[in-house]
Amino acid sequence: MAKAESQNDKALSELIDALNEDLAREYQAIIAYTVYSNVLSGAQWMNIAGELRKHAGEELQHALIIAYQIDYLGGMPTATPKTVKLSKKPEDMLRFDLENETETIRNYRQRVKQAEALGHYALAEQLRQIISQEQEHQHDLATALGIEVPKVFSQGA
Ligand SMILES: [Fe+2]
Ligand SMILES: [Fe+2]
């Protein structure tokens with residue numbers, strides 16, 4: 001029994017640490033979308049700049065949800081974003097965003113499994129809703145770049 005409890009504690013602390021990585025990625029996304037949406041200039045990029053502004057607001061909502069959940073689980077939400085890459089080329093900025101979204105989705109799919117393994121079904125449900133918005137972001141970026149949405153998953157979530 002004691003052993004099972006300590007395994008549970010270990011899994012919970014791994015979940016909290018991983019959620020803090022997710023939170024740092026959300027901060028990164030807020031910053032990137034805020035900067036990129038203003039730096040993308042030219043008629044060709046006007047529509048996507050408007051999309052990126054919307055993404056920035058959605059990433060803030062994700063950050064608030066993840067920070068709440070970290071606190072709820074007994075952790076301390078991080079205050080440090082992952083590094084935001086800058087470029088003068090619009091295509092580079094969109095590609096950085098697309099790579100980050102793909103990485104974010106990969107991570108959240110893993111997080112759903114971790115949350116469910118611990119019986120945190122409400123958290124898993126919230127993560128699923130976030131994943132579906134991240135997939136829309138990924139789709140918007142791939143469309144703007146004129147490429148296929150990266151297929152990186154061998155399994156669903
Ligand atoms: Fe997000
Ligand atoms: Fe996103």
Side-chain angles (χ1 to χ4, degrees), residues 12 14-41 44-73 75-87 89-118 120-157:
L12 179 62
E14 282 169 2
L15 174 60
I16 290 168
D17 289 349
L19 285 168
N20 258 323
E21 292 290 309
D22 297 330
L23 182 56
R25 260 185 294 276
E26 293 292 355
Y27 294 152
Q28 174 194 48
I30 295 165
I31 296 167
Y33 284 128
T34 301
V35 174
Y36 297 172
S37 65
N38 285 291
V39 175
L40 284 182
S41 53
Q44 179 191 2
W45 304 108
M46 267 180 46
N47 283 346
I48 186 68
E51 288 295 325
L52 300 192
R53 245 185 295 279
K54 257 188 259 163
H55 291 187
E58 287 166 354
E59 307 297 13
L60 175 58
Q61 292 309 311
H62 301 167
L64 289 168
I65 291 166
I66 300 299
Y68 176 89
Q69 292 289 340
I70 291 167
D71 177 71
Y72 175 80
L73 294 172
M76 174 70 188
T78 186
T80 311
K82 292 199 178 285
T83 311
V84 178
K85 289 197 246 177
L86 291 174
S87 168
K89 290 192 204 150
E91 288 88 349
D92 285 349
M93 290 187 263
L94 296 175
R95 209 165 331 104
F96 296 154
D97 277 338
L98 181 57
E99 284 164 12
N100 289 339
E101 291 289 351
T102 302
E103 183 63 18
T104 292
I105 293 166
R106 195 200 316 274
N107 272 279
Y108 279 138
R109 287 182 178 216
Q110 182 59 33
R111 222 64 72 234
V112 168
K113 289 181 196 154
Q114 287 173 268
E116 289 195 334
L118 284 164
H120 287 291
Y121 300 112
L123 170 58
E125 185 51 39
Q126 290 206 299
L127 291 167
R128 282 200 175 84
Q129 286 176 19
I130 293 176
I131 290 172
S132 86
Q133 278 196 331
E134 308 295 17
Q135 284 173 333
E136 285 172 26
H137 297 170
Q138 199 191 28
H139 185 265
D140 290 344
L141 293 162
T143 303
L145 283 163
I147 61 174
E148 296 267 310
V149 175
K151 289 191 180 65
V152 290
F153 313 115
S154 55
Q155 66 226 7

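In each ligand, atom 1 is the first atom listed, and ligand 1 is the first ligand listed.
Taking backbone and side-chain atoms together, Glu101 has an N/O/S atom less than 2.8 Å away from the Fe ion (ligand 2). Within the 2.8 Å limit, Glu58 places no N, O or S atom next to the Fe ion (ligand 2). The Fe ion (ligand 2) has no N, O or S atom of His55 inside 2.8 Å of it.
Under the 4.0 Å criterion applied to side-chain N and carboxylate O atoms, Arg106 and Glu101 are not assigned as salt-bridge partners.
Ring geometry for Tyr72 against His120 counts as perpendicular: the plane angle is over 60°, on a 0 to 90° scale with 30° as the lower cut.
In this model, no donor atom of one side chain and acceptor atom of the other lie less than 3.5 Å apart for Glu51 and Asn47. Between the side chains of Gln133 and His55, no donor-acceptor pair is found at a separation under 3.5 Å. Side-chain atoms of Gln126 and Gln69 form a donor-acceptor pair, as typed in the model, at a separation below 3.5 Å.
In this structure, the side chains of Val35 and Leu86 come closer than 4.5 Å at one or more pairs of heavy atoms.
Taking the Fe ion (ligand 1) as reference, Glu59 places its N/O/S atom OE1 nearest. Restricting His137 to its N/O/S atoms, the shortest distance to the Fe ion (ligand 2) is reached by ND1. In terms of distance to the Fe ion (ligand 2), the nearest N, O or S atom of Glu134 is named OE1.
Atoms ND1 of His62 and OE1 of Glu26, as seen from the Fe ion (ligand 1), are separated by an angle of 110°, to the nearest 10°.
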